[in-house]
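Everything on this sheet refers to the single structure shown next.
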Amino acid sequence: MGNINQAVDLQHREGVGLIVMDHPPVNALSHVLRQGVAAALARVAGDAAITAVVLTGTARAFSAGADITEFGKPAQAPMLQELIASIEAMSKPVVAAIDGLAFGGGFELALGCHWRVAAPGAKVGLPEIKLGLLPGAGGTQRTPRLAGVERALRIITSGDPVPAAQALADGLLDAVLAGDFIAAAVAYAAALKPGSLRQVRDIDTGLAAARAEPALLRRAAEPVLKRARGQRAPQACVEAIEAAVSQPFDEGLQTERRLFMELVGGAESKAQRHVFFAEREAQKVPGMP
């Protein structure tokens with residue numbers, strides 16, 4: 001047990017492996033963090049004394065999502081999609097314990113876990129649309145499986161945060177835990193039966209209505225696309241959610257990835273990311289209100 005690397009710590013709590021992400025300021029999913037989580041998962045997988053796993057962050061953030069400074073640079077393994085696949089393949093249940101915020105890739109990482117619990121003040125969300133993108137690590141495929149296509153469409157195309165109580169009602173969380181959050185999350189994991197491997201990829205309940213009524217998603221998408229006035233990202237989000245309904249899970253992931261890469265290379269997203277970075281730099285200028 002102990003430090004895995006400078007961004008990830010592994011603790012043993014009552015038969016539960018507690019993986020703590022602590023990569024200031026907001027646990028952005030940079031290479032060092034992904035590498036640390038992957039190494040921690042490999043260690044707990046081989047430890048017979050550990051029956052379940054809790055993956056958590058800090059009181060400020062489970063993870064605020066991708067490190068967008070890595071966009072356009074050579075990919076370094078493990079990629080987020082690979083990390084999520086390794087969690088799904090674990091033979092021990094993995095519980096995402098969300099305190100603070102879980103946004104973008106951070107929430108996609110949580111969706112890849114077998115169970116999700118949150119502190120009462122936590123918020124989740126998929127804000128990629130605000131950078132001219134869509135969730136690129138399964139967010140468009142897993143969210144509708146839990147929350148239904150109409151609610152997923154609203155979450156993904158608005159990019160707005162979802163408070164824990166609403167996320168619980170949406171089916172995106174399994175429990176909201178009050179009190180000492182980490183202790184409660186560890187107790188939740190310890191109480192799970194061996195083999196409680198609830199993979200979101202195998203859940204179809206949220207897709208049932210759209211499969212029964214093929215026009216449902218397009219009807220829900222009409223006002224979204226009308227407001228978008230020809231912008232590509234909202235249309236791509238709709239196409240990705242359509243893929244969740246009409247394609248097997250792995251094919252849907254491929255469709256999502258193709259659309260994501262199209263948007264990353266497009267002029268709209270490049271412009272929105274430029275504005276994002278410019279606004280962040282402006283905040284660092286002395287005397288700038």
Side-chain angles (χ1 to χ4, degrees), residues 16 18-21 26-27 52-65 84 87-88 90 93-129 135 137-193 196-210 216 220 237 241 244:
V16 174
L18 177 63
I19 301 173
V20 182
M21 301 180 288
V26 289
N27 279 332
V53 182
V54 170
L55 175 63
T56 194
T58 64
R60 182 178 183 184
F62 177 82
S63 171
I84 290 170
I87 290 174
E88 286 188 322
M90 286 281 288
V94 180
V95 178
I98 302 168
D99 203 353
L101 53 89
F103 290 164
F107 186 45
E108 290 177 295
L109 179 63
L111 288 171
C113 295
H114 304 119
W115 303 91
R116 281 156 298 288
V117 300
K123 294 181 179 180
V124 303
L126 296 166
E128 287 87 349
I129 192 77
T140 67
Q141 304 303 295
R142 291 184 177 90
T143 307
R145 280 174 159 78
L146 294 174
V149 296
E150 292 174 287
R151 182 68 182 134
L153 178 72
R154 195 171 304 122
I155 291 168
I156 292 169
T157 59
S158 73
D160 294 337
V162 181
Q166 180 62 55
L168 179 65
D170 289 338
L172 297 171
L173 298 176
D174 298 296
V176 175
L177 306 176
D180 183 333
F181 178 61
I182 296 301
V186 168
Y188 184 95
L192 292 172
K193 294 179 181 177
S196 299
L197 309 176
R198 182 175 177 262
Q199 295 184 348
V200 177
R201 62 179 292 144
D202 295 332
I203 297 171
D204 279 351
T205 50
L207 305 178
L216 177 68
C237 290
I241 296 171

- [ ] Determine whether P161 and L101 make a side-chain contact, defined as any pair of heavy atoms from C-beta on separated by less than 4.5 Å.
- [x] no
Open item on the list: For the backbone of L192 and the side chain of W115, can you confirm whether one donor and one acceptor N or O come within less than 3.5 Å of each other?
Closed with: no
Task: Heavy-atom pair of closest approach, residues A122 and A118 - done: CB-CB, 3.9 Å
Task: Where A189 and V54 come nearest, the two heavy atoms and their spacing - done: CB-CG2, 3.6 Å
Task: Donor-acceptor under 3.5 Å (N27 side chain, A61 main chain) - done: yes
Open item on the list: For A102 versus I98, what's the shortest heavy-atom pair and its separation?
Closed with: CB-CG2, 3.7 Å
Open item on the list: Using side-chain heavy atoms (C-beta onward) and a distance below 4.5 Å, is L109 in contact with I87?
Closed with: yes
- [ ] Examine distances only and state if a side-chain atom of E108 and a backbone atom of G139 form a donor-acceptor pair shorter than 3.5 Å.
- [x] yes
Open item on the list: I want to check something: taking the side chain as every heavy atom from C-beta on, are I156 and I129 in contact at a cut-off of under 4.5 Å?
Closed with: no
TODO: Apply side chain to side chain contact (heavy atoms under 4.5 Å, CB included) to F103 and V26, showing your working.
DONE: CA-CA 10 Å; F103 290 164; V26 289; over 6 Å; no
TODO: Give, for atom CG of L55 and atom CE of M21, the distance between the pair rounded to the nearest 0.5 Å.
DONE: 4.0 Å
Open item on the list: How close do M90 and H114 get, counting heavy atoms only, and between which atoms?
Closed with: O-CE1, 3.9 Å
Task: Side-chain touch D174/R198, heavy atoms, less than 4.5 angstrom - done: yes
Open item on the list: Using every non-hydrogen atom in the two residues, find where A119 and F181 come nearest and quote the distance to one decimal.
Closed with: N-CE1, 3.2 Å
Task: Under 3.5 Å: donor-acceptor pair, side chain of R116, backbone of L172 - done: yes
TODO: Give the minimum heavy-atom separation between L153 and T157, together with the two atoms involved.
DONE: O-OG1, 2.6 Å
Open item on the list: Is any side-chain heavy atom of T56 closer than 4.5 Å to one of L18?
Closed with: yes
Open item on the list: Within this structure, what is the CG-CZ distance for the pair L146 and R151, rounded to the nearest 0.5 Å?
Closed with: 12.5 Å
Open item on the list: Using 0.5 Å steps for rounding, measure from the CD atom of Q166 to the CD1 atom of I155.
Closed with: 7.5 Å
Open item on the list: Do Q199 and R145 make a side-chain contact, defined as non-hydrogen atoms from C-beta onward lying under 4.5 Å apart?
Closed with: no
Task: Validation row: V16, V95 side chains within 4.5 angstrom (heavy atoms) - done: no
Task: Short side-chain to backbone donor-acceptor contact, T140 and P135, under 3.5 Å - done: no
Task: Among V124, V149, L126, side-chain contact (heavy atoms from CB on, under 4.5 Å) partner for T143 - done: L126
Task: Side chains of L207 and P144 in contact at under 4.5 Å (non-hydrogen atoms) - done: yes
